[in-house]
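Since the structure comes first, as structure tokens, the remarks are kept for the end.
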Amino acid sequence: MSRGPRSAKRSPTPTSATFPPHDFSQQQAPAPAPPPPKPLYLCSPFVEAALVKGNFKTIVMLPKYVDIMEWVAANIFDFYTNLNEFYGVISECCTAQSCPTMAVGPTLNYTWINPDRKQVHLPAPTYVDYVMTWTQNLFDDEAVFPTKSGHDFPVNFPSIVKHMYKQLLRVFAHIYHAHYHQILHLRSEPHFNSLFAHFLAFGREYELLDMKELKGSTSSPVGVGALWEKWRELGTVEA
């Protein structure tokens, strides 16, 4: 009696044909996103560019025999005038199309309070125009910035100036964030850096500068907050 042929022996070990291919494929972790490029205003040699060497604190000290209110009023007028001139030069590059919001950082856009006390997003040129118009109207108001002998500054003058400071800071911050490359194209970075460092040193000396406004928050930082820290390291401004 002949023996029938043996059936093929099954392998006890699973093969790639045993399971669907995707069960054996290795899932590769996605590559980490590259860090965002450092803003130009934080890069050397631009961050060191200035007309004044050393600490700006030396040029903001109250001169002898000068009333502090007069000193603050004169300086904030100069800051406004010079900032307005800088913005006027680059304003053709700041449009509703290029700057649809008042961006001052990668995740932070400022809003404007409208007459109904509601926060509204505005294109940057509109926001800046509102700031400059509002500031100029305050300068023109004799009750706020008296120019005649015997007229005193109002009791709430410090709070008014602090609010003006906050809005001017936002204009500075937008220019650094969105238009610093145009400042570099004009080779004006030493002038603009010096103006901003002077603005920061003066505001810090007379308690007009809100550090929260300057730095923002961890989730929504203000770009120039990092510039302040860098200038502190360089000895340009003081803590």
Side-chain angles (χ1 to χ4, degrees), residues 38-63 66 68-69 71-87 89-90 102-106 108 110 124 127-128 131-132 135 138-139 157-180 183-184 188-218 220-239:
K38 184 186 294 187
L40 289 175
Y41 55 80
L42 295 178
C43 299
S44 185
F46 311 127
V47 70
E48 297 95 355
L51 301 178
V52 178
K53 300 301 181 182
N55 197 294
F56 275 76
K57 183 180 176 69
T58 58
I59 62 175
V60 303
M61 302 304 294
L62 181 66
V66 174
I68 188 172
M69 296 292 193
W71 180 241
V72 169
N75 275 271
I76 195 170
F77 179 77
D78 285 345
F79 292 138
Y80 161 79
T81 301
N82 285 285
L83 177 58
N84 200 26
E85 290 178 354
F86 268 107
Y87 184 76
V89 172
I90 58 95
M102 187 62 176
V104 296
L108 181 57
Y110 282 126
Y127 191 108
V128 174
V131 169
M132 295 306 185
T135 305
L138 286 173
F139 284 130
F157 183 73
S159 63
I160 293 175
V161 173
K162 192 169 185 177
H163 194 180
M164 296 170 73
Y165 230 80
K166 179 178 75 172
Q167 293 297 341
L168 293 180
L169 173 61
R170 292 181 174 188
V171 178
F172 272 113
H174 176 72
I175 294 176
Y176 270 103
H177 174 71
H179 302 292
Y180 194 70
I183 296 292
L184 293 178
S188 298
E189 68 275 12
H191 299 78
F192 194 63
N193 284 356
S194 296
L195 174 63
F196 188 48
H198 188 183
F199 177 85
L200 294 178
F202 192 90
R204 191 67 170 160
E205 179 68 20
Y206 298 99
E207 300 181 351
L208 302 172
L209 184 63
D210 185 341
M211 296 307 294
K212 291 182 179 180
E213 185 77 20
L214 174 62
K215 296 182 179 181
S217 64
T218 303
S220 299
V222 181
V224 292
L227 183 58
W228 160 269
E229 296 295 342
K230 183 63 176 179
W231 281 347
R232 281 183 59 197
E233 295 175 9
L234 297 172
T236 305
V237 295
E238 288 190 357

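The first residue of the sequence shown is numbered 1, and numbering continues consecutively from there.
For H163, the ring-ring contact (aromatic ring centres under 6.0 Å, His included) partners at least two apart in sequence or on another chain are W134. Taking the salt bridge (charged side-chain N to carboxylate O under 4.0 Å, His left out) definition, one finds that E205 meets it with K57, sequence neighbours left out. In this structure, the ring-ring contact (aromatic ring centres under 6.0 Å, His included) partners of F77, at least two apart in sequence or on a different chain, are F139. With sequence neighbours excluded, the residues that form a ring-ring contact (aromatic ring centres under 6.0 Å, His included) with F86 are F192. Not counting sequence neighbours, T218 has no partner by the side chain to side chain donor-acceptor pair (under 3.5 Å) test. Remark: E233 pairs with K230 by the side-chain contact (heavy atoms from CB on, under 4.5 Å) rule, at least two apart or across chains. Taking the salt bridge (charged side-chain N to carboxylate O under 4.0 Å, His left out) definition, one finds that E189 meets it with nothing, sequence neighbours left out. Every residue two or more places apart in sequence or in another chain that forms a salt bridge (charged side-chain N to carboxylate O under 4.0 Å, His left out) with K215 is listed here: E229. Taking the side chain to side chain donor-acceptor pair (under 3.5 Å) definition, one finds that Q167 meets it with Y127, sequence neighbours left out. Residues forming a ring-ring contact (aromatic ring centres under 6.0 Å, His included) with Y180 (at least two apart in sequence, or on another chain): Y41, Y176. Here K166 pairs with nothing under the side chain to side chain donor-acceptor pair (under 3.5 Å) rule; sequence neighbours left out. For H179, the side chain to side chain donor-acceptor pair (under 3.5 Å) partners two or more places apart in sequence, or in a different chain, are H174, Q182.
Closest non-hydrogen pair, A103 versus H177, comes out as O-CD2, 3.6 Å. Heavy-atom minimum distance, V72 versus F157: CG1-CE2, 4.3 Å. For the residue pair T135 and L168, the shortest heavy atom distance occurs at OG1-CD2, 4.4 Å.
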Dump the intermediate steps for side chain to side chain contact (heavy atoms under 4.5 Å, CB included) on L83 and I175, then the final yes or no. CA-CA 10 Å; L83 177 58; I175 294 176; 3.9 Å; yes
Take F56 and F202 through the ring-ring contact (aromatic ring centres under 6.0 Å, His included) test and state the conclusion after the steps. CA-CA 8 Å; F56 275 76; F202 192 90; over 10 Å; no
Should L208 and M164 be marked as a side chain to side chain contact (heavy atoms under 4.5 Å, CB included) after you check the CA-CA gap, both sets of side-chain angles, and the distance that decides it? CA-CA 9 Å; L208 302 172; M164 296 170 73; over 6 Å; no
Tell me, with the steps shown, if H198 and D78 meet side chain to side chain contact (heavy atoms under 4.5 Å, CB included). CA-CA 11 Å; H198 188 183; D78 285 345; over 6 Å; no
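Between R204 and V60, the closest side-chain pair of non-hydrogen atoms is not below 4.5 Å. The shortest distance between side-chain heavy atoms of N82 and F199 does not fall below 4.5 Å. Within the 4.5 Å cutoff, no side-chain heavy atoms of V104 are placed close to those of V224. Between F196 and V237 the shortest side-chain heavy-atom distance does not fall below 4.5 Å. Inter-residue side-chain proximity for V161 and Y206 is flagged as unmet; no heavy-atom pair is nearer than 4.5 Å. Put simply, the side chain of K212 does not reach to within 4.5 Å of the side chain of S217, judged on heavy atoms.
With hydrogens and angles ignored, the 3.5 Å screen pairs no side-chain donor or acceptor of S188 with any backbone N or O of H191. With T58 contributing its side chain and N55 its backbone, the two residues share a donor-acceptor pair below 3.5 Å. Judged by distance alone, with hydrogens and angles left aside, the side-chain atoms of N75 form a donor-acceptor pair with the main-chain N or O of W71 at under 3.5 Å. In terms of modelled atom types and a separation under 3.5 Å, the side chain of N193 and the main chain of E48 share no donor-acceptor contact.
Within the model, atoms OG1 of T236 and CG of L227 stand 9.0 Å from one another, a figure rounded to the nearest 0.5 Å. To the nearest 0.5 Å, the span separating CG on L200 from CG on L214 amounts to 6.0 Å. Rounded to the nearest 0.5 Å, atoms CD1 (I76) and OG1 (T81) are 10.5 Å apart. The distance from atom CG of L51 to atom CG of L195, rounded to the nearest 0.5 Å, is 10.0 Å. How far OG of S44 is from CZ of F46: 8.5 Å, rounded to the nearest 0.5 Å. Taken from CH2 in W228 to CG in L209, the straight-line distance is 6.5 Å, to the nearest 0.5 Å.
Between R170 and E213 there is a salt bridge, with a side-chain nitrogen of the basic residue lying less than 4.0 Å from a carboxylate oxygen of the acidic one.
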